[in-house]
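Here, residue 1 is the first one in the sequence, and each next residue gets the next number. This structure is a prediction, so every number in the text was calculated from the model and none was measured.
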Amino acid sequence: MKNERASLQHRPFLIPIWLTAIAAITATVVFGLAVFAAWEWFTANSTTVIVIRHAEKETVSTADPALSAAGEARAALLARMFGDTKGAGRLDAIYVSATLRSRSTAAPLAGRLGLAPIVAPADDPKELARRVLRENSGRRVMVIGHINTVPQIVSALADRSDIAGIDEQDFATMYVVSVPRIGRANLVRLSY
């Protein structure tokens, strides 16, 4: 009988301790879930970069040739493909080199979207890739490069070394690189 009485006296004393422990564990779990949800929210967006080569150029022996008729048609196709001014998926920026063929490829699309293409030096493709990601986090961007810079830009964006070169006659290859803030980039190669 004495044992039962001692046991009954200790139970009320332990209840506040147990309730405090349960409340502390619950608060820790809720706080952890809140931190995880906030982390997911802020890191979920990706930067989408579309990398293409300039459109077909005239076969003249000038240093900076203009687009050919086929090149102008390809530039118009780009404007139809990406020129939707309303709705999801609208491009936020267009990067071009200083060459006439690169700027001419972007002109119909930029005019349709009301964007001024950003002229970036073509001599350092890796730095261009870093700049595009730094200036456009979570946005959609097109980069118009050249036969020798497109594979290097894509390689830098996707963090891959297996990007094949572009054939001299290939003006239809398009790379779509989705670069998350955390994790590995996704890469799709298309023809248009």
| task | Using the side chain to side chain contact (heavy atoms under 4.5 Å, CB included) rule, pick out the option among V29, V35, T28, L33 that qualifies with F31. | result | V35
| request: Using the side chain to side chain contact (heavy atoms under 4.5 Å, CB included) rule, pick out the option among V150, V96, L109 that qualifies with I144. | output: V96
| said: Using only atom types and a distance under 3.5 Å, with no angle test, would you say the side chain of R74 pairs donor to acceptor with the backbone of A55? | reply: no
| message | Between E58 and R101, is there a side-chain heavy-atom distance shorter than 4.5 Å? | response | no
| message | Which heavy atom of A120 sits nearest to which heavy atom of R131, and what is that distance? | response | CB-NH1, 3.7 Å
| request: Indicate the atoms forming the closest heavy-atom contact of Q152 with P125, along with that distance. | output: OE1-CG, 2.9 Å
| Side-chain donor or acceptor of T99 paired with backbone N/O of D64 under 3.5 Å | no
| message | Restricting to non-hydrogen atoms, name the atom on A93 and the atom on L115 that form the minimum distance, rounded to 0.1 Å. | response | N-CD1, 4.0 Å
| task | Walk me through it: do T85 and L113 pass the test side-chain contact (heavy atoms from CB on, under 4.5 Å)? | result | CA-CA 6 Å; T85 58; L113 294 174; 4.3 Å; yes
| request: Identify whether L91 and Y175 are in the same connected component of the hydrophobic contact network (ILVMFWY, side-chain heavy atoms under 4.5 Å). | output: no
| query | At their closest point, which heavy atom of A106 faces which heavy atom of I94, and how far apart are they? | reply | CB-CG2, 3.9 Å
| said: Exactly one of N136, V119, V51 should register a side chain to side chain contact (heavy atoms under 4.5 Å, CB included) with Y95. Which one does? | reply: N136
| task | Report whether V176 and F82 are members of the same hydrophobic cluster (ILVMFWY, side-chain heavy atoms less than 4.5 Å apart, transitive linking). | result | yes
| Side-chain contact, heavy-atom cut-off 4.5 Å: L78 with M174? | yes
| Is any side-chain heavy atom of H54 less than 4.5 Å from a side-chain heavy atom of H146? | yes
| message | Treating T48 as the side-chain partner and R140 as the backbone partner, does any N or O pair qualify as donor plus acceptor under 3.5 Å? | response | no
| query | Which atom pair, heavy atoms only, marks the closest approach of A70 to E56? | reply | O-OE1, 3.6 Å
| message | Is it the case that over 12 heavy atoms from other parts of the model lie below 6.0 angstrom from the CG atom of D159? | response | no
| said: A side-chain contact here means heavy atoms from C-beta on lying under 4.5 Å apart; do T149 and L128 qualify? | reply: no
| query | T59 versus S68: any side-chain heavy-atom pair under 4.5 Å? | reply | no
| Is the side chain of S155 donor-acceptor paired with the backbone N or O of R160 at a distance under 3.5 Å, no angle test? | yes
| said: Within the 4.5 Å heavy-atom criterion, are R53 and T173 side-chain neighbours or not? | reply: no
| Expected output: side-chain T47 to main-chain G138 donor-acceptor under 3.5 Å | yes
| message | Does any part of the side chain of P117, heavy atoms only, come nearer than 4.5 Å to the side chain of R103, both counted from C-beta? | response | no
| query | With a 4.5 Å heavy-atom cut-off, do L187 and I163 have their side chains touching? | reply | yes
| said: Between S102 (side chain only) and S97 (backbone N and O only), is there a donor and an acceptor less than 3.5 Å apart? | reply: yes
| said: Quick check: is I182 connected to L133 through a chain of hydrophobic side chains (ILVMFWY, heavy atoms under 4.5 Å apart)? | reply: no
| message | Any carboxylate oxygen within less than 4.0 angstrom of a Lys/Arg side-chain nitrogen, looking at D84 and R90? | response | no
